[in-house]
Amino acid sequence: MSWFIVKRVTSLLPILFGISLITFILLHLTPGDPAAAYLRASHIPPTDEAVATLRAELGLDKPLYIQYVNWLIKVVQLDLGISYVSKNSVWEEIMLHFFPTVQLAFASCIFIIVISLPIGMISAIYRGKWIDQFSRIIAFVSVSMPAFWLGFLLIYFLSVKLDLFPVLGRGTFAHLVLPSLTLAFPYIGTYMRLLRTSTLENLNEPFVVYARARGLRERRIVSRHVLKKSLLPVLTGLGMSLGNMLSGAVIVETVFAWPGMGSLFITSILNRDYPMIQGCLLFMGAIFVVCNLLVDLTYAFLDPRIRWEGGKK
Amino acid sequence: MMGQHSILTVNNLNIVVSTPHGVTQTVNDVSFELEAGKVFGLVGESGSGKTMTCMSLLNLLPDEAKVVEGSIKFRNKDILNCSTEDVRKVRGSEIAMIMQNPMTAFNPVRNIGCHFIETLRTHLHINKHQAREMAMAYLEKMDLPYPENLLKQYPFQLSGGMLQRVMIAITMSLNPSILIADEPTTALDATNQLQILKQLDRLRNEYNTGILLVSHDLGVIAQMADEVAVMYGGYIVEKASVLKLFNRPKHPYTRALLQSRLGLTRRKEKSVKRVSVSHRNLINRETACPFIERCGDADHTCANNRLELKEYEKDHLVRCVKLQ
């Protein structure tokens, strides 16, 4: 198992390197001059002379590959540069916004798991019964409802009319409920159906017949045999979704004025805050990669076949 | 024939399966008995209703299949009509089953120990440690090496033959009075087949278990069974002791089946002929013999006479109009 982890972690390094290269190149391919953007952000008129001085100062006059190497050396030391707008360290800004996003993402994950797993399992077991039909409707609504609309509906009914939760912002535990529910809602339908499908598949497997033939209780067959195997495809998806949510839920964060990664990223794009954009992109890429790693590890934990494949030399 | 010692009695069993193309009768009027320490062989080609019959004995038919008539009595207990919980208690501990393909019968994400221990603990009031000790003892009895390691291993790490022996070990540990072995050797190679048959034989001799052995391998049946029933198209077409059936087969299908075996001396292969019956549209599906289209001896009497399993001679039942 430890060999498996080492193998997976080392395979991440080239991926991270690739991400850094692509984000750097993409950003330098986009139109607009970083130096001019810097001057505008600092409220200095971007005259040709001022731009040229600044370019030299920021190292933007050097060839692209030297710029990249210089940037990479700093990145390795966790120095992502200084924001053009706030003049703070990019790394610190990201950390400041990342924690609220983590909070939101994990709360959403809890909603997803708590709601979609039981309904998914039950609708597979009682296939075709009213509960299955009902779950189909929920799934349909959940995947087709836009997040901003749902967000406003929740605010209107639960906050304004019933006064159960605060409308906006971040603070107490109650502030977390509406945004995370909004963020989780589209995923709930997806995972409900995904789990239902994989459970149905597994319920017809010979190992379930054999488990019944051995006289096991139905509850045990479902909870110990079917659930564990059915969770595998769900888990892959959930890891990807977690990466998605951690790299910022722009719409939900905007609707609920949640100070997370999404709003940081959007603001920095609007301000053409190049170091910040680059830092955010790299950070989000790294988050995705780490989430995938976690999925792989959980996968190996759940499915011995993968564990052994990795363990053999 | 109606043995005093019969443990399991199947009477007039009829099973229908609903398919997208309509309802089909897969098992027709099947009756037999299982006795302690005896092996009852069930032979027939794919789709003849063998597996459906087996599954119904544990009330484990798939959702689309249903028993419409008949009864299954296990020691005065009506399997088809007792509560789910009562049947569950019988499964594994009283009537055990060995699956056709050992590679898919175990859950790939749980190890052998999990399977073994949970089965023991479902039926016996013992703790995990006792169950583990017991499992190791039975694996050892099955000549499986290093039982302690084996318990930690996952199904994909073992061969089909080993998994089949694990299944027999699980069966043995609960000492059931009936074992249903649905093609236990089909998925295995010749060496492993022999091993498995030996272990089944042991189960019968040492534990006095009554075995329902399903196979399409006549060699296996000849070697193991005391009594044999041949199934065709959902019917038992012939039932007799193993000697009578192999030496003096009466039903045309049984005869064809026995002829189709490859002999060492026979050069030419004989196979079941497909004979088209003239006046095909005269065949009354309700009453016609299921073998009519492939039978060399068939004529109009076969199409219109009600089929019944009749005693041809003592302890030798045949379902053929021509022989009655």
Side-chain angles (χ1 to χ4, degrees), chain A residues 1 4 121 123-129 132 195 198-236 295-313, chain B residues 51 54-55 57-64 84-112 114-124 152-157 163 166-167 170-171 173-174 176 179-182 187:
Chain A
M1 189 72 186
F4 180 80
M121 287 294 283
S123 59
I125 293 164
Y126 299 99
R127 178 190 182 187
K129 305 272 163 55
D132 187 24
L195 185 68
S198 79
T199 307
L200 275 181
E201 249 167 48
N202 283 321
L203 277 174
N204 286 322
E205 290 281 325
F207 74 77
V208 174
V209 178
Y210 184 49
R212 288 198 182 119
R214 283 182 288 140
L216 300 191
R217 288 178 184 85
E218 201 62 28
R219 201 186 311 152
R220 189 183 172 92
I221 296 176
V222 170
S223 66
R224 295 299 176 85
H225 285 271
V226 178
L227 181 63
K228 192 175 171 191
K229 194 153 176 277
S230 307
L231 275 181
L232 293 176
V234 175
L235 207 71
T236 323
V295 171
D296 278 355
L297 293 181
T298 327
Y299 227 103
F301 177 73
L302 284 178
D303 192 340
R305 287 170 293 186
I306 295 166
R307 196 152 70 221
W308 255 266
E309 210 174 277
K312 268 181 207 152
K313 277 108 352 215
Chain B
T51 301
C54 288
M55 296 315 257
L57 298 185
L58 284 173
N59 207 351
L60 272 178
L61 285 174
D63 292 340
E64 56 274 13
T84 329
E85 184 60 14
D86 281 347
V87 187
R88 188 191 63 70
K89 281 181 185 155
V90 169
R91 289 177 193 154
S93 66
E94 300 272 14
I95 305 178
M97 188 160 185
I98 291 179
M99 304 281 288
Q100 193 173 116
N101 189 347
M103 303 296 263
T104 57
F106 289 90
N107 187 342
V109 300
R110 321 215 68 210
N111 62 26
I112 300 297
C114 279
H115 286 89
F116 212 133
I117 290 165
E118 71 182 0
T119 315
L120 290 173
R121 294 195 63 200
T122 302
H123 296 290
L124 310 170
K152 285 186 210 137
Q153 283 185 305
Y154 287 89
F156 66 95
Q157 295 173 295
L163 287 173
V166 171
M167 251 196 266
I170 293 178
T171 306
S173 66
L174 288 164
L179 171 68
I180 302 165
D182 187 0

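We name chains A, B, ... by the order of the sequence lines, and we start the count at 1 in each one.
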Is the side chain of [X] donor-acceptor paired with the backbone N or O of [Y] at a distance under 3.5 Å, no angle test?
| X | Y | answer |
| --- | --- | --- |
| Lys228(A) | Val109(B) | yes |
| His123(B) | Arg214(A) | yes |
| Asn107(B) | His225(A) | yes |

Query raised in the report: What part of Ile170(B) lies closer than 4.5 angstrom to a heavy atom of chain A: side chain, backbone, both or neither?
Result: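 Just its side chain gets close to chain A.
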Report summary line: Under 4.5 Å to a heavy atom of chain A? For Ser93(B) that would be neither
Query - Glu218(A) and Arg88(B) ion-paired at < 4.0 Å - result: no
Query - Engaged part of Arg224(A) at the chain B interface, taking heavy atoms whose separation is under 4.5 Å - result: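 Arg224(A) touches chain B through backbone and side-chain heavy atoms alike.
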Query raised in the report: Contact part of Val209(A) toward chain B, heavy-atom cut-off under 4.5 Å: side chain, backbone, both or neither?
Result: both
Report summary line: Greatest number of non-hydrogen atom pairs under 4.5 angstrom with chain A, of Pro62(B), Ala96(B), Ala105(B), falls to Ala105(B)
Report task. Side-chain contact test, heavy atoms from C-beta onward, threshold under 4.5 Å: evaluate it for Phe156(B) versus Pro304(A) and give yes or no. Result ->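 Of all side-chain heavy-atom pairs linking Pro304(A) with Phe156(B), at least one is under 4.5 Å.
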Requested in this report: First locate atom CZ of Phe207(A), then atom NE2 of His115(B), and finally report the distance between them rounded to the nearest 0.5 Å.
Outcome: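 So the gap between those two atoms works out to 8.0 Å.
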Query raised in the report: Hey, what do you get for CE (Met55(B)) to CZ (Arg212(A)), rounding to the nearest 0.5 Å?
Result: 9.0 Å
Query - Residues, nucleotides or ligands: over 12 heavy atoms within 6.0 Å of Arg127(A) CZ - result: no
Query raised in the report: Which heavy atom in Leu58(B) sits nearest to a heavy atom in Ala213(A), and how many Å separate them?
Result: CD1-CB, 4.0 Å
Query - Over all atoms of both residues, closest heavy-atom pair of Met99(B) and Tyr210(A) - result: CG-CD1, 3.4 Å
